[in-house]
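Structure in structure tokens, see below.
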There are 2 protein chains.
Amino acid sequence: MNSKKAVERQTGVALWRQIADLIRLAISNGEYDKTGMVPPEMMLAGQFGVNRHTVRSALAALAEEGLVQAIQGRGTMVRRKERLSFPISRRTRFSQGLSDQTRDLEARLLAHAVVPATGEIATGLGIPPGMPCIEVEALSSADGRPVSCSTSYFPQARFPGMAQHFAQLGSITKAFAAEGLADYVRVSTELVARHADANELSLLRLSPGAIVIEATAINADPDGVPVQFARTRFAADRVKLKIET
Amino acid sequence: MNSKKAVERQTGVALWRQIADLIRLAISNGEYDKTGMVPPEMMLAGQFGVNRHTVRSALAALAEEGLVQAIQGRGTMVRRKERLSFPISRRTRFSQGLSDQTRDLEARLLAHAVVPATGEIATGLGIPPGMPCIEVEALSSADGRPVSCSTSYFPQARFPGMAQHFAQLGSITKAFAAEGLADYVRVSTELVARHADANELSLLRLSPGAIVIEATAINADPDGVPVQFARTRFAADRVKLKIET
DNA sequence: TATGGTTGTCTATATTAATAGACATTTCGG
DNA sequence: CCGAAATGTCTATTAATATAGACAACCATA
């Protein structure tokens, strides 16, 4: 499996970036776990069929991300390797099931507003179009690195203080509890992968061309009444979604 | 929302590719549905803050994908905008649930071999490493456009004729039936999104920089014994995954 | 049929990405 | 303490990307 990996030219994506993506992938696949080091620059240059300087550009980008660290005379070592594994199931909770993978998990309220429910959101929440909803923008980070940003909608009539509770508690589950909803389940999830837009690039601190996985989900109370319409964008190279059926 | 959209320089991703990605996104979001036309090149150049020639490079790439078509004197029209919706559930079948979205659905055997089970595959199938498995490479297309390619592993001892059956029947479900397995269920699915590699680009007829969603799944018989380890790569801009819990 | 708006094509130039080579600096092991 | 192996830095050159401007070809329509 150590043969030459493919990079293509004249594709609008610089070679150093393609190589950085491949090395990032190799790191998260654990290919360098044995030594904890990235192979020497000359060896990588040989594998990818490019000049050593091109490899250096790729490694510099990864160092900038904090993924690797080069030490003169020794080599380049892997500092971090992870795709956080997100469980997606009937009882999906953001914070649960992640606590064993990372120490510091944080969800931050970015903005909130009251907006009328439009077509897709009204349908998802099962309410008439035009009904007021609380829109909540949030950013979730693990160990200081953003992993996802989300836009959620809650029916205002039922959960008037959702935004405030979430801002204080930093958790949707806890905010629901504060609103008197002890339990809820995931009823539908749709996934799409696409390139990140400008807003996502800056929020998630990604570089252009990066990928996001967009999950559109509906949560409902135990009686099956929808309580949340959420659109979460994950930084694709930081997560793995684990579907439990 | 029609103000200037963000493209960034010196990021390793050429401006024309960033712009192509943004236009592709706008098309799939239905932003040009009213007229069926992409805005004039000069207008796009203004929106993105780049030269007209740069926009032309982006549009040329999209025309190459068959997404738009330019007509001299008139403008550039949208030719295609769609994502197939794939159901993912405990009873995931490729062909089922898609027949209402597309007329012509096809799965083709690309290659097959007998290989020893390695770590991940052996673990997934619950067999000792080194046991022989049948490896099957397949390509699935809808209406002549490839949507996914997959690599599957079946324990040879139990399903010796899997490759032949699949080649003849064009369906995993039918091939299992021919091997005497009437029913099976999905026990785990993991999703990752990443840039397509060279092999995937050519198989799925994608343009460089395109995204694939990689689903690593295990199917088991009704007794819970794993029967298939599959890694399916979907062309991300052609599909939507619908998770049913 | 004249005109304005659009895509198509050409030339020229500047900036960025990639290759090539040389050599310095640091680390580690014999 | 020497030498092999690794990263760091510099110069020079070529290829790809981006900008700029001019004008041709074509379409719709007033």
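In what follows, chains are A, B, ... by sequence order, proteins preceding strands, each numbered from 1.
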Do any N or O atoms of the protein come closer than 3.5 Å to N or O atoms of nucleotides 12-16 of chain D, and which pairs are they?
{"residue": "D/dA16", "atom": "OP1", "partner": "A/Gln10", "partner atom": "NE2", "Å": "2.8"}
{"residue": "D/dA16", "atom": "O5'", "partner": "A/Gln10", "partner atom": "NE2", "Å": "3.4"}

Query raised in the report: Judged by modelled atom types alone, do B/Arg233 and B/Thr151 share a side-chain donor-acceptor pair under 3.5 Å?
Result: yes
**Report entry** Side chain B/His53 and base C/dG8 donor-acceptor under 3.5 Å
**Finding:** no
Report summary line: Rounded to whole Å, CG of B/Leu44 lies from C1' of C/dG5 at a distance of 15 Å
Query raised in the report: Where the side chain of B/Glu214 meets the backbone of B/Thr232, is there a donor-acceptor pair that is under 3.5 Å apart?
Result: no
Query raised in the report: Side chain of A/Leu15: nearest nucleotide among C/dT19, D/dG8, D/dT19?
Result: C/dT19
Query - Whole angstrom value for the distance that separates P of C/dT26 from CD of A/Glu41 - result: 16 Å
Query raised in the report: Is any NZ, NE, NH1 or NH2 atom of the basic residue among B/Arg205 and B/Glu64 found under 4.0 Å from an Asp or Glu carboxylate oxygen of the other?
Result: no
Report task. Tell me, please, which residues at least two apart from B/Arg74 pass side-chain contact (heavy atoms from CB on, under 4.5 Å). Result -> B/Ile71
Requested in this report: Starting at atom CZ of A/Phe48, determine the distance to atom C1' of C/dT19, rounded to an integer number of angstrom.
Outcome: 17 Å
**Report entry** C/dG8 phosphate, OP1 or OP2, under 4.0 Å from B/Arg56 side-chain N/O
**Finding:** yes
Requested in this report: Under the side-chain contact (heavy atoms from CB on, under 4.5 Å) rule, collect the residues that match up with B/Ser57, sequence neighbours excluded.
Outcome: B/Trp16
Query - Separation of atom CE in A/Met42 from atom P in D/dG8, rounded to whole Å - result: 15 Å
Query raised in the report: Please give, in whole Å, the distance from D/dA22 P to B/Asn51 CG?
Result: 13 Å
Query raised in the report: Considering the options B/Arg231, B/His112, B/Gln228, B/Glu137, which one meets the side-chain contact (heavy atoms from CB on, under 4.5 Å) requirement together with B/Ser152?
Result: B/Gln228
Query raised in the report: OP1, OP2 of D/dT17 versus side-chain N and O of B/Ser57: anything below 4.0 Å?
Result: no
Requested in this report: Check whether any side-chain heavy atom of A/Phe229 sits under 4.5 Å from a side-chain heavy atom of A/Cys133, and report yes or no.
Outcome: no
Query raised in the report: Looking at CD1 of A/Ile211 and CZ of A/Arg238, how far apart are the two atoms once the value is rounded to the nearest 0.5 Å?
Result: 12.5 Å
Query - Donor-acceptor pair (no angle test) under 3.5 Å: A/Arg52 side chain, D/dG8 base - result: yes
Requested in this report: Identify, between A/Val55 and B/Pro40, the residue whose nearest nucleotide on DNA chain C lies closer to the 5' end.
Outcome: B/Pro40
Query raised in the report: Is it true that atom CE of B/Met37 has more than 12 heavy atoms of other residues, nucleotides or ligands lying nearer than 6.0 Å?
Result: yes
Report summary line: Taken in chain and number order and not counting sequence neighbours, the residues that satisfy ring pair (Phe, Tyr, Trp, His ring centres under 6.0 Å) with B/Phe154 are B/Phe176
Query - Full working for salt bridge (charged side-chain N to carboxylate O under 4.0 Å, His left out) between A/Asp237 and B/Arg194 - result: CA-CA 7 Å; A/Asp237 62 352; B/Arg194 56 174 172 77; over 6 Å; no
For nucleotides 27-29 of chain C, tabulate all protein N/O to nucleotide N/O atom pairs closer than 3.5 Å, reporting atom names and distance.
{"residue": "C/dC28", "atom": "OP1", "partner": "A/Arg74", "partner atom": "NE", "Å": "3.3"}

Query raised in the report: Roughly how bent is the helix from C/dT1-D/dA30 to C/dG30-D/dC1 end to end, in steps of 10 degrees, with each end axis from five pairs?
Result: 30°
